[in-house]
Every structure is written in C-alpha cells, then in structure tokens.
2 protein chains.
Amino acid sequence: MTKPALSAEPAPSFRPLYLQIKDLLVRSLETGEWRPGEAIASELVLASRFGVSQGTVRKALDALAADHLVVRRQGKGTFVATHTEEAQSSFRFLRIRQDGGSELPASRLLDVRRGKASAEVARLLEVKPGDPVVVVRRVLEWGGRPVIVDDITLPAALFRGLTRAKLESYAGSMYGFFETQFGVRMLNAQERIKAVPADPATAGVLGVPAGTPLLAVDRVAHTYGGRPVEYRRGLCSTAAHHYFNVLG
Amino acid sequence: MTKPALSAEPAPSFRPLYLQIKDLLVRSLETGEWRPGEAIASELVLASRFGVSQGTVRKALDALAADHLVVRRQGKGTFVATHTEEAQSSFRFLRIRQDGGSELPASRLLDVRRGKASAEVARLLEVKPGDPVVVVRRVLEWGGRPVIVDDITLPAALFRGLTRAKLESYAGSMYGFFETQFGVRMLNAQERIKAVPADPATAGVLGVPAGTPLLAVDRVAHTYGGRPVEYRRGLCSTAAHHYFNVLG
DNA sequence: TAGTGGTCTAGACCACATA
DNA sequence: ATGTGGTCTAGACCACTAG
C-alpha cells in the first residue's frame, strides 16, 4: 500500500497510556475539579481511579509538571499551578530584568476602556472583527521609575465585569487576578520583539526623548487547548533594563 | 542543563543514583568517548557497566536528552547531539525569524581579526583582560538582504588556527564548524536584548538610515561545566524580522 | 530476526512533610 | 506514625530500525 504523501506528521499509530491519562487530567483541570493552588488526588488514588499502575500516573503527572500545569512537592502532594503564589510563579512570564539587580516591578494602572477588535486583534485572539474587547493600559515601574508601557487586550466575553476599580484593588499579578476573578488561566505565551522609536506619548510616560529606541514586545497568551485569550503589546525602555532569555 | 550552582541552596542531603550516572556520562561526552553524531553505548550495556538497572540508566539518558546533550532515536540508539545536522539543530539558538515566512539565513563573512580581551569581554568569557581573542564579524542575510551584523568574540586559546579561509570554506553553521574543527561544543547560551540606534557603519551594512532602532542581542554561550566560550553581539534590523520567544 | 529505545507493571525502599 | 512524592529494581511486552 503506497504511503499517502502526508503533511510531515505520520499520525502516531497509537497513543501511550500515560498520555491518555494526561489528557484526562487536563480535562479535569480545565473543568475545575481541583481549584488553582489546591492539591489534586494522590498518585495511588488516581491510579485506582483510572485502573493503571502508579508508575503510569506518575509519568502523566511528570508531563503535566513539565508543562507547568501542576507543581509537585515531595511529601505534600501535587498542586494545581497558579499565578497567585510567590514572586517566582507570579512573574513567570516576565523576561525584563534590571541591568544590575533583581528587583521586581510594581504595576500602575493608567486606563481601562472597552472597544472593538480590529482586524489584527481579531486574528490574534481568534475572534470576529468588531467583537467587544477590553484594553488595559498600565505601566511597570522599577524603584518608582517607569520602564514598560503595556497595552493589554482581552476578549470581553471572557472578562465580564472587569472594571478599573477591581483591577486596582488587586495587589498581586494581573494573571493571578484573571485566574481568581474570571477563571481564565494563562498557561503559555509567545512573544515577538522588534525595536521601534518611541512615539511622543509613550516617550512622555517613560521619561525618555521621543524617538528613543524601545523594545516592542508583542505577546499572545493561551489557555487550555492553545486558545489565545490575551494580546499584549509592551513598549520597554532599555536604558537600564533588558530582555533576558535562556537558550537550551 | 546542569543546575547552576545556586546560592541559597541547602545542599541536597543526597544525590540520586541516576544523577550520578548522568554526571559520569557527561564526563564521557566531555572527554570524547563518543564523537558528536555517533551512537553511544546502549542502555543495557551502560547498565551493566555502571552496575545499575536499565531503568536508572534510562532516567540519566532522559535527563541528558532534556539538556540536549544527546538525542534519542527509537529503534536506532542514543546519539551525541551535534550542531552539524539538519537545519533544525543547526539553527537551534537562532531566534530571529522573518515576519512572514520561515526561510533560513545565509552567512557572509566580513572580517576575522585578532585582538585582546577588553575588561568587559574578559569578565564575560572568564579570562584575563588582555588575553588574546579572535573576533569574527559576519552578516546574516535572508534572501540576499542583510538583517543582522554579528561580532563574535572567541578566546584564542581554544580556537588556535582559526582563519578566515577555513571559516569561509565551511558550508554549515558556525557552531558546527567550531565543534568539528576545534572540539568546542556550544551547549547553551543566554541572551540579553536592548534597543539601540544604528551607528553609521552598521546602518550602512544593513541598508537602513543611521539612528534606526535595532535590536542589540548580547549572547554568552557555554560549553561543559557552564564555562563561557563565546561572546557575541548581534545588531538586528527589525524592518521585516523579529525576535521570537516561547514562554512556558 | 535481532537489537534498540518506549511503555507498563508491581513492589520495595527512601526522603520529606505533617500531625 | 502516616501519607506524600522520589528513587530503584526486575521483568514483560511494544514499536521502530536495519540487515
């Protein structure tokens, strides 16, 4: 039988048990069987539930941990990953660092307004052009000095009742806020970076001359199933900060 | 990668067997028991050599594969990772992409010269200021159009006999060349990115007006033991290209 | 057909956390 | 003392590759 000219992927002839278990666990996480931060069932309990050995459950959980969907803690249990915990996980996606130190930024809200998705935003968020969106503008400051201006675009359908007051009342990270208030979990993201000259308005906010080269960081963040749920554009002054990345 | 010697680490009370096996295998790789691209001994052979079970060897090898030190191929064996193979591994560290497509760049050599390590280069490469270095300047082009100017600084002690002629005669990637000609393997790297205005010389090479915002990508690449062996500064025009990054 | 890595199991024991 | 995840073992079988 001649092999059909497949598009690169031969479609795996079978799917290992532990990956099927992993899929079932992802569904349980997605539907909220356990809440963020909570401990999920133990390996032995899951093994008996699914009728497989503890070792197979372990491989599934290790894969989930590699995806940052759960966190394993020896002696305590396996926990649903969350953006609300300590600084480490709270700023998991932030790649901007001080040139010298390791200080963490504070967020200052500038504006929250409603609008309609442009063609480009619609494409990135996989909604229809004109669909309602919420745009949050905020500044990240290190030591009181503004460094990044973020424009964060969210599909309004998923963030009903998002107001400036609520956002301001929340102390922790924005992703933690989205998680606890709207049940929207940011699982991964991709960023595209360009160098652009500062427009006058941004230059004013960041305290640099207009035309100063800035990093333009475009981010699309995804939730379960790779569905995009946030588009963000950050403009970053690199006078005393830089984008940090590790290549494995 | 091998875990960086963190401060604040309470020093683990014990070291699992499979990590000790991993360390032994790293030493074997470092000393060249198997050459890049070659298959290493099979799991069963290694298990009997070290007097542990196949499962323990497997965990060690899986960890090495996660660090990209080896590549596992079902039915064939476990192979020493290399930068000389297909495009995928050859450009493993390149994060610059075309805005539209997925074309790969070509390299054009501008200059190879010898010099002495400045204070900053000495600090980054962990050599003494004034130590001899080789600086390679080259351009990366997409479809014949220059996009990146790279200044690549190497400790001369590790790259004896590196000449422009040899570099030009080599078709593949530069890291593949370093690997086969000098036995220096680039295992991982970190990059720091800023936005800077194009200086007149660079602007001329890239065909953009002086002052145009460019990405300045500083990279330090490491070999075994986390020893830095390359410092590279790339200046990248983002008119039709961008830096791409995935956040897990 | 033989050899390789990949999956799955079952059980023992270890390290860690909590009560 | 108990329960959790982490390590280690031994063996069976499966999927893939090559001669």
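In what follows, every heavy atom counts, from backbone to side chain, and hydrogens, waters and symmetry copies are set aside. So you know, we letter chains A, B, ... as the sequences are listed, proteins then strands, and number each from 1.
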* Do the non-hydrogen side-chain atoms of I96(B) and H242(B) ever get within less than 4.5 Å of each other? -> no

* **Contact check, side chains of Q54(A) and L44(A), non-hydrogen atoms, under 4.5 Å** => yes

* Student check: side-chain heavy atoms of N188(A) and V246(B) closer than 4.5 Å -> no

* Return the value, rounded to whole Å, for the distance between atom CG of L61(B) and atom P of dT4(C). => 13 Å

* Asked: Whole-Å distance between dC8(C) P and E43(A) CD?
  -> 15 Å

* Send over the distance from L17(B) CG to dA15(C) P, rounded to a whole Å. => 12 Å

* Considering only heavy atoms from C-beta outward, does the side chain of T180(B) approach that of Y175(B) to under 4.5 Å? -> no

Strictly under 3.5 Å: I want the nitrogen or oxygen pairs between protein and nucleotides 10-13 of chain D, one per line.
none

* Close approaches to DNA chain D from residues 19-41 of chain A, in residue order (heavy atom, under 4.0 Å) -> none

* **Test item: F244(B) and I193(A) side chains (from C-beta on) under 4.5 Å apart, heavy atoms** => no

* Test ring-ring contact (aromatic ring centres under 6.0 Å, His included) applied to F178(A) - qualifying residues, sequence neighbours left out -> F159(A)

* Evaluate the side-chain proximity of T153(B) to L124(B): yes if any heavy-atom separation is below 4.5 Å, no if none is. => no

* **Length of the CZ-P vector between R15(A) and dT7(C), whole Å** => 11 Å

* dT9(D) OP1/OP2 closer than 4.0 Å to side-chain N/O of T56(B) -> yes

* With T82(B) as reference, evaluate R35(B), E179(B), E38(B) under the side chain to side chain donor-acceptor pair (under 3.5 Å) test and give the passing residue. => E179(B)

* For R164(B), look at atom CZ and say whether over 12 heavy atoms of other residues, nucleotides or ligands are found less than 6.0 Å away. => yes

* Asked: Name the stems with DNA chain D in them: runs of three or more consecutive Watson-Crick or G-U pairs, distances under 3.5 Å?
  -> C:1-18 with D:1-18

* Quickly work out the K59(B) NZ to dG5(D) P distance and round it to whole Å. => 14 Å

* Structure fact -> Y231(A) meets the side chain to side chain donor-acceptor pair (under 3.5 Å) criterion, sequence neighbours left out, with D218(A)

* Are F93(B) and H83(B) near enough that their ring centres are under 6.0 Å apart? -> yes

* Check: D62(B)/Y18(B) side-chain N/O donor and acceptor closer than 3.5 Å -> no

* **d(CZ, R72(A); P, dT4(D)) in whole Å** => 12 Å

Would you list the protein and nucleotides 17-19 of chain D atom pairs, both N or O, that sit under 3.5 Å from each other?
| from | atom 1 | to | atom 2 | distance (Å) |
| --- | --- | --- | --- | --- |
| dA18(D) | OP1 | K76(B) | NZ | 3.3 |

* Separation of dC16(D) C1' from F14(A) CZ (nearest whole Å) -> 10 Å

* Atom CG of D62(B) and atom P of dG6(D): how far apart are they, to the nearest Å? -> 16 Å

* Asked: Quick one: does F91(B)'s side chain get under 4.5 Å of L104(B)'s, heavy atoms only?
  -> yes

* Asked: Regarding R72(B) and the six-membered ring of F79(B), is the cationic atom NZ or CZ under 6.0 Å from the ring centre and inside 45° of its axis?
  -> no

* Tell me whether the OP1 or OP2 atom of dT4(C) has a side-chain N or O from S42(B) closer than 4.0 Å. => yes

